[in-house]
Asks: 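Okay, handing you the structure first.
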Amino acid sequence: MKKLKVLIVDDSLVQRNHVISLCKEQTITQIESAENGQVALDKLRVEKFDLTFIDLEMPVMDGVELVRSIAAEKLIESIIILSSKDPSLILSIGTMAESDGLSVVGTFQKPMKPEDLLTSLKRLANERVKEKKQQKQVPLTKEDLVSAIKNKEITLHYQPKLTVKGLLLKGVEALARWHHPSRGFISPVEFIDASEKLGLISELTEYLFDIALRQKAQWSQHGINFHLSFNLSPLSLTDKGLADKISQQVAIYKIPPKDIVLEITENAISGEISTAIETLAKLRLKGFNLAIDDYGTGFANAQQLSRVPATELKLDRSLVDNVATKPQQKAILKSTVNLSKDLQLITVAEGVEYFEDFLLLYKFEVDLVQGYYFAKPMTANNLNIWIKKELADIRKKLQQDLNEKNSN
Ligand code: C2E
Ligand code: CA
Ligand code: CA
């Protein structure tokens with residue numbers, strides 16, 4: 001974080017100095033300040049900053065106008081909004097800034113606290129990692145994918161799914177990983193999408209499912225029993241032979257279908273869904289569990305949802321991430337959890353990164369959680385180590401955080 005260059009915009013000298021000293025505590029050394037929006041804008045037009053702290057009420061040009069100009073001229077990506085106004089107003093200006101394309105790493109009531117800055121810096125770091133990953137985008141060809149499968153370059157990582165109550169390891173989700181020999185890490189979103197477009201998704205799915213099942217069989221042999229979640233492309237659901245193919249694959253490894261959760265995205269069940277339902281019904285009849293993935297991002301309505309023979313509902317990261325700080329999002333999350341419960345589905349929250357979000361999920365009685373706060377996706381070997389060594393520490397830490405919270 002040492003190399004960060006920040007700009008603090010506030011008309012009050014006392015407030016500016018307060019934020020400056022917080023930044024210095026975090027070893028940020030490149031700090032500049034401005035007393036109103038216009039002065040800030042003039043600086044931003046000639047110098048590059050990593051982060052700007054914006055007060056809302058200022059003379060000459062206020063924070064709202066500054067935010068809009070920054071977004072329109074693409075002068076900076078990440079901002080923190082500070083104000084002495086009430087939190088819902090600060091938040092709604094944050095939402096406005098995000099819809100203008102800015103990354104709002106924090107919205108706080110003044111005076112800013114050391115932990116506010118820490119959370120914001122953590123979010124800023126996360127955003128930067130994401131950006132780096134999204135950079136290079138040379139289109140993949142059919143040959144690239146065929147050879148990746150043939151040479152076994154594509155593998156699986158596994159991310160734990162834990163019970164909200166007691167953090168018991170309930171299952172793992174298999175996530176595809178491709179480390180290309182010369183291009184490096186390629187995101188699954190990119191190569192799954194390419195496989196769909198190039199007509200290779202069945203081959204890839206069969207290949208990955210085989211790896212997952214072999215691994216699951218190994219875990220079972222070692223007495224490690226949890227369910228395995230596996231992602232299916234919506235395209236696969238139009239394949240009438242899918243249910244039989246998948247059943248044959250699990251039979252080879254003598255894995256009971258009830259130990260497998262097949263995840264399909266919400267979008268696969270919105271729109272024209274009769275073929276999808278036929279395949280899903282067959283899979284369910286054969287004993288597989290079915291999860292609706294990424295729920296909250298698509299357009300499936302409650303009725304469509306009720307017609308799918310699903311067993312599990314996965315709340316998308318966009319509903320979960322930072323929910324504790326966003327009242328509207330909280331309301332949507334709560335009603336979605338209730339819908340899921342009314343439909344008797346197991347409710348899973350994905351993308352849990354913060355303790356405060358976990359607390360809410362606990363309160364809403366979500367069943368399972370998955371997210372970086374507990375564990376990132378990892379190789380099967382690392383997962384074995386994680387189970388033996390780290391899981392107990394995570395439970396302990398959570399308990400400490402809970403105790404601390406209760407004593408405050
Ligand atoms: P998904 O099924 O929604 O998987 C969850 C994604 O969220 C994974 O990204 C996971 O690494 C990430 N994630 C988990 N916890 C957190 C968190 O706390 N914070 C953040 N920021 N991210 C978190 P990943 O592995 O990059 O996969 C992206 C998508 O690619 C998956 O989304 C899934 O749609 C697709 N995908 C991955 N593997 C497969 C596969 O084997 N088959 C198919 N058809 N699709 C796959
Ligand atoms: Ca998934
Ligand atoms: Ca998901």
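For ligands, and for the atoms within them, numbers begin at 1 and follow the listed sequence. Just so we're clear, the structure is a prediction, and the values are computed from it rather than from any experiment. All residue numbers in this chain count up from 1 along the given sequence.
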Asks: Between Cys23 and Val6, which heavy-atom pair has the shortest distance, and what is it?
Replies: SG-CG2, 4.2 Å
Asks: Judged by modelled atom types alone, do Ser233 and Glu196 share a side-chain donor-acceptor pair under 3.5 Å?
Replies: yes
Asks: Under 4.0 Å from any heavy atom of Gly371, which atoms of ligand 1 are there?
Replies: 15 (N), 18 (O)
Asks: Is it possible for you to check whether Arg395 lies under 6.0 Å from the centre of the six-membered ring of Phe374, through NZ or CZ, and within 45° of that ring's axis?
Replies: no
Asks: Output the atom name for the N/O/S atom of Glu263 with the smallest distance to the Ca ion (ligand 2).
Replies: OE1
Asks: May I ask you to check if any N/O/S atom from Asn231 comes under 3.0 Å of the Ca ion (ligand 2)?
Replies: yes
Asks: Which single N/O/S atom of Glu173 lies at minimum distance from the Ca ion (ligand 2)?
Replies: OE2
Asks: Any idea which heavy atoms bring Leu145 and Leu198 closest together, and the distance?
Replies: CD1-CD1, 3.7 Å
Asks: Check for me whether Lys286 meets the cation-pi criterion with Phe288, that is, NZ or CZ under 6.0 Å from the six-membered ring centre and within 45 degrees of the ring axis.
Replies: no
Asks: In Asp293, which N, O or S atom comes closest to the Ca ion (ligand 2)?
Replies: OD2
Asks: May I ask whether Lys314 places a heavy atom under 4.0 Å from ligand 1?
Replies: no
Asks: For a side-chain contact (heavy atoms from CB on, under 4.5 Å) check, start with the C-alpha distance between Ile252 and Asp210, then their side-chain angles and the critical distance, and finish with the verdict.
Replies: CA-CA 10 Å; Ile252 295 174; Asp210 194 70; 5.9 Å; no
Asks: Looking only at distances, can you tell me whether any N or O atom of Gln370, backbone or side chain, sits closer than 3.5 Å to an N or O atom of ligand 1?
Replies: no
Asks: Does ligand 1 have any atom sitting under 4.0 Å from a heavy atom of Ser187?
Replies: no
Asks: As an exercise, identify every atom of ligand 1 less than 4.0 angstrom from a heavy atom of Arg177.
Replies: 11 (O), 24 (P), 25 (O)
Asks: Passes ring-ring contact (aromatic ring centres under 6.0 Å, His included), Phe209 versus Phe230? Steps please.
Replies: CA-CA 7 Å; Phe209 197 44; Phe230 185 82; 4.8 Å; yes
Asks: Would you please indicate yes or no on a ring centroid separation below 6.0 angstrom for Trp219 and Tyr158?
Replies: yes
Asks: Counting heavy atoms only, name the option from Gln159, His157, Glu350, Arg317 that's nearest to atom 7 (O) of ligand 1.
Replies: Arg317
Asks: With respect to Ala176, determine whether any N or O atom, backbone or side chain, lies less than 3.5 Å from an N or O atom of ligand 1.
Replies: yes
Asks: Are any of the N/O atoms on Asp293, whether in the backbone or the side chain, positioned under 3.5 angstrom from an N/O atom of ligand 1?
Replies: yes
Asks: Can you tell which of Asn231, Ile201, Leu156, Leu232 gets a heavy atom nearest to atom 45 (N) of ligand 1?
Replies: Asn231
Asks: When you compare the side chains of Glu173 and Asn231, does any donor N or O come within less than 3.5 Å of an acceptor on the partner?
Replies: yes
